[in-house]
Amino acid sequence: MIDYASPVTRNLLSAIFGVLIIASVIGYLLARKAKTDSAKATVSNLNARTKSWWVMVLVLLGALALGHRGTTIIFAFISFFALREFLTATPTKRADYYALCFAFFIILPYQYWLVHTQWYGMFSIMIPVYAFALLPILSVIGGDSTDYLARTARTQWGLMVCVYCISHIPMLLTLPIPADSLRMGSAGLVLFLVCLIQGSDVLQYVWGKLCGKRPVARVLSPKKPLEGLLGGVLTASLLGAAMHRLTPFSPLQAFFVSLLLCFIAFFGGLVMSAIKRERGIKDWGTLIEGHGGMMDRIDSLCFSAPVYFHILRYYFT
Amino acid sequence: MLRPTAVFLTKLITGANAQWVNCPKDRDCLRIYFANHGSHLDFATLWAALPAFARDKTRPVAARDYWGKNAFTRTIAIGMFNSLLINRETITRKDNPIEQMAAAMREGNSLIIFPEGTRSMDGQMAEFKAGLYHLANKVPEAEVVPVYLENLNRILPKGHLLPIPLLSRVVFGEPMRLQEGERKTDFLLRCRHALESLASPT
């Protein structure tokens, strides 16, 4: 899955660990310099984030090193934690008991089993068609019609966003892309997406802090300024162009695919903010110190992963 | 061996996140924890959320007619969770549950009780029974601590066996005491309000 002999692999790993080491050193120096309480709080939050980035990078690289099966298992757990947070935050009723049991114990494992067996046809319709029909049936057996549409929609949305969308990431490893166009092996496809989207998140944050004034969506997420969005998306797309050797894209293709994916990722994050705002919560969970829950980490990947998958599948296989 | 397993399993299943609101976590004193009741996981979750030193001397109070039924339920209740089984149906002068609870507290045990008496079906809190008042009256030196349990009635609703892996919260509120001359109904209402105020507004 990872071609360790390729110079592309060496360059990418040096870049990732270089950034992390530099961030850790800067965090360490800042922590020694911080005097006021608010500065200390900011720096300790920054360091908690850097630390969690180390863990996330090591987990992802470990999963990819284990090949298709290991990556599938790790992403199944990521989906599980995300679904757990999503359904905890959105209320369901007693009558939804069997629907929730099926969502966690049957549908989620089966979707990842389909990734494992690479049955693409079933993989692409199991949740949107069969789970869509089955869950409301299971809920209606409970015999409670209060909020019925909203309740079933919540379970369905949880599965679509946390399981269906995310399962496209390990499925990338099964794409029959000609091997000579993938300089790092198929793991490069996953690393391109994750580095691009997470890089875009960080760059949007940095640009927003540097020159952010006008909020994109004042009501939904007042802390996301237009300047941050544009600056972050453009620089992340340049980053994407620079990483084109991980994918079958030419530099120009990589730039435009990145541009599209970053915008979708931004709006994916905004959709998740709208849900959080409706529920009156700030973070989805407390799993990752300094970063909220699993959903807070992957919200921008949810919508961009299937689009990326289909661009590759349609044009490059 | 049973106890650490019980703590680990409970935390794994309920993903419990303990929050201490105006309640000192590490105070070593006699306490009566009272909580809303919606699931069999309630007492296990509350018990597992306590710091280890407090857990060792805290006993959940459970109904003997349910948990004392056979060797299996007794092993879970007593062996794993160190429960105090009380009689809730035929109360005689000899077999008085309040007296039994007070005796356990005089031996230095804190207790976990569910003043609604039974599990609620829909997450709504029922009327409190008088036991909480009588116990507080018998053991006036104990702190009475409200504990709000969130989502457990969704994780394992009454009547089902397989827990759904959602996340729960255990919110410890400010310790209370029975005031000099406070009437039973006033005290129970005050406790109920203290518990309700810990619920997050959803």
Side-chain angles (χ1 to χ4, degrees), chain A residues 76-77 79-109 135 138-139 141-144 146-147 150-151 154-155 158-159 162-163 275-289 292-296, chain B residues 8-21 25 36-42 44-46 48-49 51 116 118-126 148-172 196-202:
Chain A
F77 274 102
S79 278
F80 173 78
F81 285 117
L83 185 66
R84 189 178 198 187
E85 289 168 5
F86 190 96
L87 290 176
T88 296
T90 54
T92 51
K93 286 207 177 284
R94 190 187 158 71
D96 298 318
Y97 179 81
Y98 292 108
L100 292 175
C101 277
F102 255 75
F104 277 106
F105 298 121
I106 310 275
I107 297 171
L108 188 155
L135 290 171
L138 290 171
S139 280
I141 291 172
D144 184 349
T146 24
D147 269 341
R151 277 161 37 208
R154 281 170 187 141
T155 322
L159 280 172
C162 306
V163 182
I275 297 176
K276 281 193 283 189
R277 201 146 277 252
E278 185 209 316
R279 302 303 323 143
I281 53 176
K282 199 176 145 285
D283 287 323
W284 288 102
T286 53
L287 189 67
I288 308 171
E289 195 195 342
M294 184 63 82
M295 266 312 277
D296 297 287
Chain B
F8 176 77
L9 280 180
T10 311
K11 287 190 172 174
L12 185 76
I13 293 168
T14 62
N17 184 2
Q19 292 177 339
W20 299 77
V21 182
K25 178 183 181 179
N36 54 317
H37 202 13
S39 166
H40 274 330
L41 290 170
D42 285 348
T45 309
L46 203 170
E116 294 165 83
T118 188
R119 288 168 294 153
S120 103
M121 272 289 186
D122 52 2
Q124 295 296 314
M125 228 184 281
Y148 184 75
L149 300 171
E150 186 177 276
N151 260 347
L152 286 164
N153 61 322
R154 287 176 72 198
I155 294 174
L156 187 65
K158 196 170 181 171
H160 292 293
L161 276 177
L162 180 67
I164 300 169
L166 300 170
L167 300 163
S168 66
R169 269 197 329 145
V170 182
V171 191
F172 292 84
E196 279 168 345
S197 73
L198 297 173
S200 63
T202 43

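Per chain, numbering begins at 1; letters A, B, ... match sequence-line order. Computed from a predicted structure; not experimentally measured.
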With only heavy atoms counted, which part of A:F105 is less than 4.5 Å from chain B, the side chain, the backbone, both or neither?
-> side chain
Starting at CG of B:N17, measure out to OG1 of A:T286 and round the result to the nearest 0.5 Å.
-> 4.5 Å
How long is the span from the CG atom in A:L87 to the CG atom in B:L167, to the nearest 0.5 Å?
-> 10.0 Å
Between CG of B:N153 and CZ of A:R94, what distance do you get to the nearest 0.5 Å?
-> 9.0 Å
Just how far is it from atom OH of A:Y97 to atom NZ of B:K158, taken to the nearest 0.5 Å?
-> 15.5 Å
With the side chain counted from C-beta on, respond yes when A:K93 and B:R154 share a heavy-atom pair under 4.5 Å apart, and no when they do not.
-> no
Contact origin within A:F81 toward chain B - heavy atom pairs under 4.5 Å = neither
Measuring from A:F102:CZ to B:I164:CD1, what's the distance to the nearest 0.5 Å?
-> 12.0 Å
Return the option, out of A:D96, A:L100, A:T92, with the maximum number of heavy-atom pairs under 4.5 Å with chain B.
-> A:T92
